[in-house]
Amino acid sequence: MVDAQARDEVVRFTSDLIRVDTTNRGGGDCRERPAAEYAAGLLAEAGIEPTLLERTPGRTNVVARIEGADPAADALLVHGHLDVVPAEAADWSVHPFSGEVRDGVVWGRGAVDMKNMDAMILAVLRLWARQGVRPRRDLVIAFTADEEASAEDGSGFLADRHPGLFEGCTEAVGESGAFTFHDGTGREIYPIAAGERGTGWLKLTARGRAGHGSKVNRENAVTRLAAAVTRIGEHAWPLRVTPTVRAALTELAALYGIETDLHDVAGPHDVDGLLEKLGPAAALVEATVRNSANPTMLDAGYKVNVIPGEAVAFVDGRYLAGCEDEFRATLDELTGPDVDWEFQHREVALQAPVDAPLFARMRAAVEEFAPEGHVVPYCMSGGTDAKQFSRLGITGYGFAPLKLPIGFDYQTLFHGVDERVPVEALHFGVHVLDRFLRTA
């Protein structure tokens with residue numbers, strides 16, 4: 001059973017980790033080592049031997065293994081990342097790296113993404129050390145660097161260079177799932193991630209004829225790029241329903257008493273019509289019924305009266321499982337003959353079975369402490385370290401439990417201003433994670 005010390009520690013650990021500035025600006029500009037050493041120290045105090053690994057000095061990962069009671073059982077990977085996205089202090093109500101606890105809430109960058117989960121893992125493992133608890137199966141614990149960029153210094157490095165540390169792991173849990181989603185009608189929904197869209201960050205390059213800004217130029221690189229970017233931004237991607245999304249829609253439809261047969265989808269009208277009937281709960285799936293490509297950055301020219309010979313844009317692309325070939329072909333068509341494109345960063349789409357025993361155990365753990373809640377599977381629109389660990393044949397789920405009050409918009413706080421997490425949500429998370437990991 002979770003004791004008072006574990007509840008106190010999860011709050012303290014969250015606050016302490018937030019105070020360690022692990023801002024990842026991309027391009028290698030980050031240093032996770034202080035946070036890694038903090039986590040490793042807490043593991044060591046609990047009698048768990050941590051291993052610290054770096055591909056690049058300062059970009060530190062922590063891995064540890066806890067032996068289970070059943071040597072024949074497959075191992076479970078439990079992972080969380082230590083880096084966070086940038087935060088501009090002037091925009092925040094509380095300094096983003098203060099870790100301040102005010103009015104029952106822990107404030108700061110990483111409070112939900114995802115130093116809260118790191119703290120939960122540490123609190124649970126230290127609880128077990130006090131109580132002499134041994135899990136059923138081996139647990140491999142990984143605190144990673146660089147998740148907020150390419151993962152090359154984090155999970156990618158671990159999967160490629162240190163696969164032996166994950167020997168026997170067949171399944172994993174990480175961010176993000178089992179948080180309270182309030183639908184506005186009094187229902188509490190707890191979505192558990194069983195899939196992720198693939199990541200396709202793109203670089204577009206248009207080339208043309210450089211020249212004077214006052215002259216007619218039919219080979220203007222900026223014009224060519226702008227046309228391609230407009231086509232991409234305005235493209236209507238076709239409906240594609242993956243098994244994970246189908247399961248999510250089916251369970252949500254049943255929850256709301258909506259009759260539907262998604263095994264025989266006639267077209268986008270059926271799914272779009274169902275999403276309208278789901279109301280606010282549609283937000284859990286509407287971003288994952290299609291591929292997407294959003295232009296995000298532009299770079300061209302150096303002087304107003306000079307037409308540049310090259311113009312560059314960047315696009316955040318995401319594709320569903322089984323849809324990467326369609327994604328590539330569509331980009332070829334949308335960019336046209338005058339613009340080249342390439343992957344700046346690419347990772348696979350993921351799917352995990354929702355009828356697996358592990359999913360049932362996650363569901364049961366949430367329902368024990370939130371009996372009024374409704375657990376459903378869902379597909380994440382973005383990506384996590386589960387992509388890199390999938391190279392090792394590990395099936396990943398998103399499970400970082402939090403019970404949140406009405407009006408607390410968890411999803412907008414990811415990478416948002418005034419990121420924060422209620423103390424009671426952390427307590428709930430420790431209870432659920434403890435229950436789940438004991439039985440996983």
Taking everything shown except E276 itself, do over 12 heavy atoms lie less than 6.0 Å from its CD?
no
Tell me, please, which residues at least two apart from R346 pass side chain to side chain donor-acceptor pair (under 3.5 Å).
E324
Looking at residues at least two apart in the chain, or sitting in another chain, which of them share a salt bridge (charged side-chain N to carboxylate O under 4.0 Å, His left out) with E367?
none
Return the minimal non-hydrogen interatomic distance between I189 and A281, and the atom names on each side.
CD1-CB, 4.1 Å
What pairs of residues pass the salt bridge (charged side-chain N to carboxylate O under 4.0 Å, His left out) test when at least one of them lies in residues 406-420, not counting sequence neighbours?
R109-E419
For the pair R19 and D16, find out whether any cationic side-chain nitrogen is under 4.0 Å from an anionic carboxylate oxygen.
yes
Using 30° and 60° as the class boundaries, would you call the ring planes of F157 and H162 parallel, tilted or perpendicular?
perpendicular
For the student: nearest non-hydrogen atoms of G309 and A210, plus distance:
N-CB, 3.8 Å
Is there a donor-acceptor pair closer than 3.5 Å between any side-chain N or O of T223 and the backbone N or O of E219?
no
I'd like to know if the side chain of R224 reaches the main chain of R207, judged simply by a donor and an acceptor atom lying under 3.5 Å from each other, with no hydrogens or angles considered.
yes
Considering only heavy atoms from C-beta outward, does the side chain of I66 approach that of P135 to under 4.5 Å?
yes
Checking D146 side chain against E152 main chain: does a donor-acceptor pair fall under 3.5 Å?
yes
For R290, does its backbone N or O pair with a side-chain atom of R197 as donor and acceptor, under 3.5 Å?
yes
Taking Q351 for its side chain and T244 for its backbone only, find out whether a donor-acceptor pair lies under 3.5 Å.
yes
What pairs of residues pass the salt bridge (charged side-chain N to carboxylate O under 4.0 Å, His left out) test when at least one of them lies in residues 80-94, not counting sequence neighbours?
none
Could you name each residue pair satisfying salt bridge (charged side-chain N to carboxylate O under 4.0 Å, His left out) that touches residues 352-361, not counting sequence neighbours?
none
Show me the pairs that pass salt bridge (charged side-chain N to carboxylate O under 4.0 Å, His left out) and involve residues 392-408, at least two apart or across chains.
E188-K403, E372-K403
So, are D332 and R328 salt-bridged, with charged N and O less than 4.0 Å apart?
no
Hey, can you tell me if F389 and F166 have their rings parallel, tilted or perpendicular (30° and 60° cut-offs)?
tilted
What is the ring orientation for W341 with F327, classed by angle as parallel under 30°, tilted 30 to 60°, or perpendicular over 60°?
perpendicular
Does the N24 side chain pair with the main chain of E147, one donor and one acceptor, at a distance under 3.5 Å?
no
Indicate yes or no: does E347 engage R391 in a salt bridge with an N to O separation below 4.0 Å.
yes
Donor-acceptor contact present, side-chain D113 to main-chain G416, <3.5 Å:
no
F399 and ring-ring contact (aromatic ring centres under 6.0 Å, His included): which single residue from F179, Y378, F436 fits?
F436
Are the side chain of K387 and the backbone N or O of V348 linked by a donor-acceptor pair below 3.5 Å?
yes
Going by heavy atoms in the side chains, are F143 and L17 under 4.5 Å from each other?
no
